[in-house]
2 protein chains.
Amino acid sequence: MSSTKIRNMEEFAAVSGISRPTVSKYFNDPDSVRPSTRNRIEEALERYDYRPNIFAMNQNRKLTKNVGIVVPYLTDPFFAEIARKLEERCTLAGFRPTLYSPYGQREMEVEILDSIRSLKPAGVLLAPLGRASDHKAVESFCADVPTVLFDSDIEGVGEAFVGSDNFSFVSQTVEYLTRTGSPPCFFEMRTPANPNANKRRLAYIELMERHGHEPRVIKVEGEGWAFEQIGRDGALRLLESGGFPSDTVLCSNDRLAIGLLAACYEKGMRVGRGEGCALRVASHDGHPFSQFTCPSLTTASHDYDSVSDRAIATLRDLIEAGGRFDARTEMLYPANLILRASA
Amino acid sequence: MSSTKIRNMEEFAAVSGISRPTVSKYFNDPDSVRPSTRNRIEEALERYDYRPNIFAMNQNRKLTKNVGIVVPYLTDPFFAEIARKLEERCTLAGFRPTLYSPYGQREMEVEILDSIRSLKPAGVLLAPLGRASDHKAVESFCADVPTVLFDSDIEGVGEAFVGSDNFSFVSQTVEYLTRTGSPPCFFEMRTPANPNANKRRLAYIELMERHGHEPRVIKVEGEGWAFEQIGRDGALRLLESGGFPSDTVLCSNDRLAIGLLAACYEKGMRVGRGEGCALRVASHDGHPFSQFTCPSLTTASHDYDSVSDRAIATLRDLIEAGGRFDARTEMLYPANLILRASA
DNA sequence: TCAGAATCTTTGCGCGCGAAAAATTTTAAT
DNA sequence: ATTAAAATTTTTCGCGCGCAAAGATTCTGA
């Protein structure tokens, strides 16, 4: 390794005795140059370790390898997990992912989208904030940049949507709970940020009616993304004033359930399906921590792998199709019901 | 809003009737141009919404506003939380943060550092992997790029370190547990990835000896970053073969404690300090979920705000000092002991 | 009114690289 | 060996913007 620092491709081309554009070709595809010149470049590479500047690379490229990934709230382990999987698969597919999160803030989502435009991305994977999104901004972004939505859908926006089939989630939990005990009440936030929550409530109501049971929806107060806190506070208030209308509670999502379990524990209310248990609790999402709650949480889990695989595959197809599909596609994956101790 | 799309600063300068360099000045500091021209630019801005390409901006800048933030494992809510705070403060300080995580992988950390070089960052906030890091790569990176290490220190590397005082963490928990009950045993992974774990064990041993108690360190098997799983499996094995050597357990970190609490719950072992409780459990970190465990977890919490404030302030000083300090500085913040139900 | 200061425009270059066109080398077929 | 075609390399230009110097314009205050 020589001590002289190589500052750019020009300098590296000089020391390797090849013209810069040929070196450029090599870095974009080592097989695109003659074996003899490839050897010369790689020999120089060993002596001088140089790496092209990725941002300059993408400056004047027709099609970059950049992919933006946006999740609404990265400190939510659910989104962190799906982001990790997407990043991993994205890299394997030969793209260069960059991760963003607006942390629930409307203006920040808009800024991120603007920032992503500068990236000149080949494509974007976007899980929008939902209710808090600036819909016009998102729409105009998707009109300019090839985008696949995931997790939370905005009708007609983006070239495709890949997500989970909320009806399947609720159908499996309601069916299981009803079959093995009593029909559940539904525990949720009053004004959920995410459209999936609404779909789940509607599915719950429809399924309960279909089975001939009266749906009971419990809406707890609270805004924002501190779901566990909201779930616990709501459950505490409920337990102190009469309790739940059923011995079986189905939570809209696992984070609310985590809060609810904490409230039950505080109140000495045993949760589970064995004897001595006063309440059964199930939920939706397959949150990474759902297996470590007390008791461990029965949940209808996202098919993380399928969703992320499909999202990346769809994005790749979209990019290869030149950024536009003939028709907007929607891929919904059913849940995997994970039976644990809580129900 | 006119329909003609502005593609670059040249075009925008044309429609606003101002020269491009002046427009450039405006975007770098709106106050650096005369109010009248500022108005003209901002009027044009309303009609044509144009935004400079951030990557082109930073291409030929003396000092960019880019800041790289690297955390070892972003799906760990602790790191997600600290990353969020850093991002937020970074933006407030006028920088443009970009977040990266190697997810525990050595090669990925190296790749990220290379990628950050391309960013031409004004500075970098780096929480290295620790044991898994390619120390030479990290060192040579820090030699080239102004870097402040945080969370986990590598001696002599980087211009400064901002983190938590592990001794203070353990000192507070050991003191509290001993004062209000019996001296704790110490629960940890056999080969922790993070150097803080080692410092905590050493602090525990020293403190126990100082108080005249025999230190008892329990090392559970397991590699990687699935701490909850490792903690639960280890605790289950322990509980099935004689149990803990003390009725008080101090966990090296909250994620292990979460696993331990799950194991105790499974085994019907009541945790807490009231009557009927067989075990007291405390821990370190102030993990975002520690307040929702069952029981809620007594923990010595990082001073998240101070650490992130200080990290950003140090980085800003470093940048203003031209990228180098005369001497490497180390800032260690004491823990905040949070008393909850588990101990 | 006018000098001096402040600001703006013009011009030209540089960042680090990709893309298309032009020139060269290599290959294959006669 | 000759030559056209194919493969490869080099030349030239462009991406979108920052930076700097020199000249032109506008603003300030006595």
Side-chain angles (χ1 to χ4, degrees), chain A residues 5-42 44-45 48-66 96 114-122 144, chain B residues 5-42 44-45 48-66 96 114-122 144:
Chain A
K5 300 279 178 189
I6 302 292
R7 305 210 158 277
N8 53 38
M9 197 179 277
E10 194 81 51
E11 287 185 22
F12 178 75
V15 300
S16 64
I18 310 275
S19 76
R20 188 188 60 72
T22 303
V23 172
S24 168
K25 277 196 69 180
Y26 166 82
F27 278 108
N28 283 308
D29 178 9
D31 284 325
S32 70
V33 303
R34 204 177 299 160
S36 60
T37 73
R38 174 172 178 169
N39 282 339
R40 288 170 65 190
I41 292 176
E42 286 174 349
L45 221 42
Y48 290 97
D49 103 307
Y50 153 80
R51 305 193 55 168
N53 181 305
I54 32 183
F55 297 99
M57 271 178 47
N58 293 322
Q59 186 83 33
N60 189 26
R61 228 195 189 119
K62 283 207 153 155
L63 196 56
T64 73
K65 291 293 188 178
N66 292 335
R96 237 193 60 80
D114 274 326
S115 173
I116 291 182
R117 287 177 195 263
S118 294
L119 253 188
K120 300 190 174 179
D144 296 344
Chain B
K5 300 280 177 189
I6 303 292
R7 306 212 157 278
N8 53 39
M9 196 179 278
E10 194 80 52
E11 288 184 22
F12 177 75
V15 299
S16 64
I18 310 274
S19 73
R20 186 181 64 75
T22 303
V23 172
S24 169
K25 275 194 72 178
Y26 167 82
F27 278 109
N28 284 309
D29 177 10
D31 285 323
S32 69
V33 301
R34 204 180 297 158
S36 59
T37 72
R38 174 172 178 168
N39 282 339
R40 288 171 65 190
I41 291 176
E42 285 173 351
L45 221 41
Y48 291 96
D49 104 309
Y50 154 79
R51 305 193 56 167
N53 181 303
I54 29 183
F55 297 98
M57 272 178 49
N58 292 322
Q59 186 83 36
N60 189 28
R61 230 195 187 121
K62 282 201 162 156
L63 195 55
T64 73
K65 290 292 187 180
N66 292 336
R96 235 191 61 80
D114 274 326
S115 172
I116 290 181
R117 285 178 196 263
S118 294
L119 251 187
K120 298 188 175 181
D144 296 343

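These numbers were taken from a predicted model, which means no experiment stands behind them. Protein chains get the first letters and strands the later ones, always in sequence-line order, with residue 1 at the start of each.
Between the side chain of A:Ser118 and the backbone N or O of B:Ile54 there is at least one donor-acceptor pair closer than 3.5 Å. Judged purely by atom type and a 3.5 angstrom limit, B:Asn28 uses its side chain to pair as donor or acceptor with the backbone of B:Ser24. In this structure, the side chain of A:Arg40 does not engage the main chain of A:Ile18 through any donor-acceptor pair within 3.5 Å. Judged by distance alone, with hydrogens and angles left aside, the side-chain atoms of B:Thr64 form no donor-acceptor pair with the main-chain N or O of B:Asn58 at under 3.5 Å.
With values rounded to the nearest 0.5 angstrom, A:Ser32 atom OG is found 9.0 Å from A:Arg38 atom CZ.
Taking every heavy atom of residues 23-38 of chain B and every atom of DNA chain C, pairs under 4.0 Å involve B:Ser32, B:Val33, B:Arg34, B:Thr37, by number. A heavy atom closer than 4.0 Å to some atom of DNA chain C occurs in A:Ala56, A:Met57, A:Gln59, A:Asn60, A:Arg61, A:Lys62, these being the qualifying members of residues 55-63 of chain A.
Proximity of B:Val15 to B:Phe12: side-chain heavy atoms (C-beta onward) are separated by under 4.5 Å at one or more points. Using a 4.5 Å heavy-atom threshold, the side chains of B:Arg96 and A:Ser115 count as touching. Within the 4.5 Å cutoff, no side-chain heavy atoms of A:Met9 are placed close to those of A:Asn53.
The aromatic rings of A:Phe55 and B:Phe55 sit parallel to each other, their planes meeting at less than 30°, with 60° as the upper class boundary.
Rounded to whole angstrom, the span from the CZ atom of B:Arg117 across to the P atom of C:dC17 amounts to 14 Å.
Of the two residues contacting DNA chain C, namely A:Pro21 and A:Arg7, the nearest-nucleotide position lying further toward the 5' end is that of A:Arg7.
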Decide side-chain contact (heavy atoms from CB on, under 4.5 Å) for A:Val23 and A:Phe27; before the verdict, give the C-alpha distance in whole Å, the side-chain angles of both, and the deciding distance to 0.1 Å. CA-CA 6 Å; A:Val23 172; A:Phe27 278 108; 3.6 Å; yes
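Taking a heavy-atom distance under 4.0 Å as the criterion, the stretch of DNA chain D touched by chain A extends 5' to 3' from D:dT8 to D:dG16.
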